[in-house]
Amino acid sequence: MKRRYLNIEIGPYLRDTQKLSALQSGAYLHLLMHYVVHGELPHEDDTAMRMIARLDTQQWRRTKPVLAKFFDKNWHNPRADRDLMKQERISLLRAFAGQAGGKSSGMSRRARSRLGDH
C-alpha cells in the first residue's frame, strides 16, 4: 500500500474553515483523510459518509450541506487531488532516480571488477 499523507497548510485551512464549528471541521478532516487514502468518497452512500465523518444521523443531515461546499458534485476535493498528483509525481521521480542510481552503481562495480582482473 502506498504511503499517503494529507498536506494541510495551516493558514489556508484556517482561512477556508473559519466559519466551521469544531464538529464540522473535524468531520471535514475525516472526510479528507478518507479521500486521500482511498482516492474517493462513497458519496452515494449517506450512511458510509456519515460514519467516515463520525457524525450521528441528525448531525450528518445538518452538516452535509456545509461540507459539500468543500467538494465538487462528486465529492472530489480539488486541493487534495492536486496534492495526490504531486505525491505520485514525486514518487515516480524517486523511483526513476533509484533505478538510474542502481544501474550506475552496477556499472561501476563491473568496471572495478574488470580492472582488478588485469
Side-chain angles (χ1 to χ4, degrees):
M1 178 180 197
K2 288 187 178 186
R3 175 183 269 170
R4 301 283 186 181
Y5 63 91
L6 180 60
N7 182 25
I8 298 178
E9 294 182 44
I10 304 301
Y13 180 85
L14 291 175
R15 182 190 61 237
D16 294 346
T17 62
Q18 66 184 337
K19 294 183 180 180
L20 297 183
S21 69
L23 180 127
Q24 293 166 336
S25 181
Y28 176 50
L29 281 173
H30 283 286
L31 289 171
L32 275 178
M33 288 186 282
H34 182 94
Y35 184 77
V36 167
V37 169
H38 298 282
E40 64 183 352
L41 287 169
H43 65 280
E44 294 178 353
D45 183 350
D46 258 13
T47 300
M49 291 284 283
R50 175 182 65 76
M51 292 177 77
I52 292 165
R54 300 187 181 180
L55 300 175
D56 64 34
T57 304
Q58 192 173 26
Q59 290 169 327
W60 177 246
R61 277 193 210 117
R62 286 192 313 266
T63 305
K64 182 181 177 181
V66 174
L67 298 178
K69 295 175 185 174
F70 293 93
F71 298 88
D72 69 14
K73 66 179 181 167
N74 292 316
W75 286 79
H76 288 262
N77 184 282
R79 184 176 295 163
D81 286 338
R82 283 191 304 275
D83 284 348
L84 288 171
M85 287 190 327
K86 181 179 177 181
Q87 287 176 40
E88 188 63 29
R89 188 172 55 249
I90 289 169
S91 177
L92 287 171
L93 289 172
R94 287 180 179 164
F96 290 140
Q99 289 172 353
K103 288 176 186 174
S104 173
S105 176
M107 288 188 293
S108 295
R109 276 194 301 278
R110 285 190 294 281
R112 283 193 306 271
S113 70
R114 284 188 204 122
L115 291 174
D117 291 340
H118 292 290

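For this chain, numbers begin at 1 and follow the sequence in order.
In this structure, Met33 places its CE atom where more than 12 heavy-atom neighbours from other residues, nucleotides or ligands lie under 6.0 Å away.
Checked by atom type and distance alone, the side chain of Asp56 pairs as donor or acceptor with a backbone atom of Gln58 at under 3.5 Å.
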**Item:** Trace of the side-chain contact (heavy atoms from CB on, under 4.5 Å) decision for Thr47 with Arg50
**Value:** CA-CA 5 Å; Thr47 300; Arg50 175 182 65 76; 3.9 Å; yes
**Request:** Report the C-alpha separation of Leu29 and Ile8 in whole Å, then their side-chain angles, then the decisive distance to 0.1 Å, and conclude whether the side-chain contact (heavy atoms from CB on, under 4.5 Å) test is met.
**Result:** CA-CA 10 Å; Leu29 281 173; Ile8 298 178; 3.6 Å; yes
**Message:** side-chain contact (heavy atoms from CB on, under 4.5 Å) for Leu31 and Phe70? Distances and angles first, verdict last.
**Reply:** CA-CA 10 Å; Leu31 289 171; Phe70 293 93; over 6 Å; no
**Item:** Worked check of side-chain contact (heavy atoms from CB on, under 4.5 Å) between Ile52 and Tyr35
**Value:** CA-CA 10 Å; Ile52 292 165; Tyr35 184 77; over 6 Å; no
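Residues passing the side chain to side chain donor-acceptor pair (under 3.5 Å) test with His43: none are found, sequence neighbours excluded. Residues meeting the salt bridge (charged side-chain N to carboxylate O under 4.0 Å, His left out) test with Asp16, sequence neighbours left out: Arg79. Residues that satisfy the salt bridge (charged side-chain N to carboxylate O under 4.0 Å, His left out) test with Arg54, not counting sequence neighbours, are absent from this structure.
Interatomic distance, His30 NE2 to Met49 CE, rounded to the nearest 0.5 Å: 13.5 Å. Distance check, rounded to the nearest 0.5 Å: CG of Asp83 to CG of Leu32 gives 10.0 Å. From Leu67, atom CG reaches atom CH2 of Trp60 across 6.0 Å, with rounding to the nearest 0.5 Å.
The salt bridge (charged side-chain N to carboxylate O under 4.0 Å, His left out) pairs that include a residue from residues 24-37 number zero, where partners must be two or more places apart or lie in different chains. Counting only residues at least two apart or in different chains, salt bridge (charged side-chain N to carboxylate O under 4.0 Å, His left out) contacts with residues 57-71 comprise Asp46-Lys64. Sorted by first and then second residue, the salt bridge (charged side-chain N to carboxylate O under 4.0 Å, His left out) pairs involving residues 32-45 (not counting sequence neighbours) form an empty list.
Nearest heavy atoms, Ala27 versus Leu55: CB-CD1, 3.8 Å. The minimum heavy-atom distance between Val36 and Ala80, with the atom names listed, is CG2-CB, 4.3 Å.
Placement of Val66 and Trp75 within a single hydrophobic cluster is found when ILVMFWY residues are connected by side-chain heavy-atom separations under 4.5 Å, directly or transitively.
Between Tyr28 and Tyr13, the ring planes are parallel. Angles under 30° get that label, and only those over 60° would be called perpendicular.
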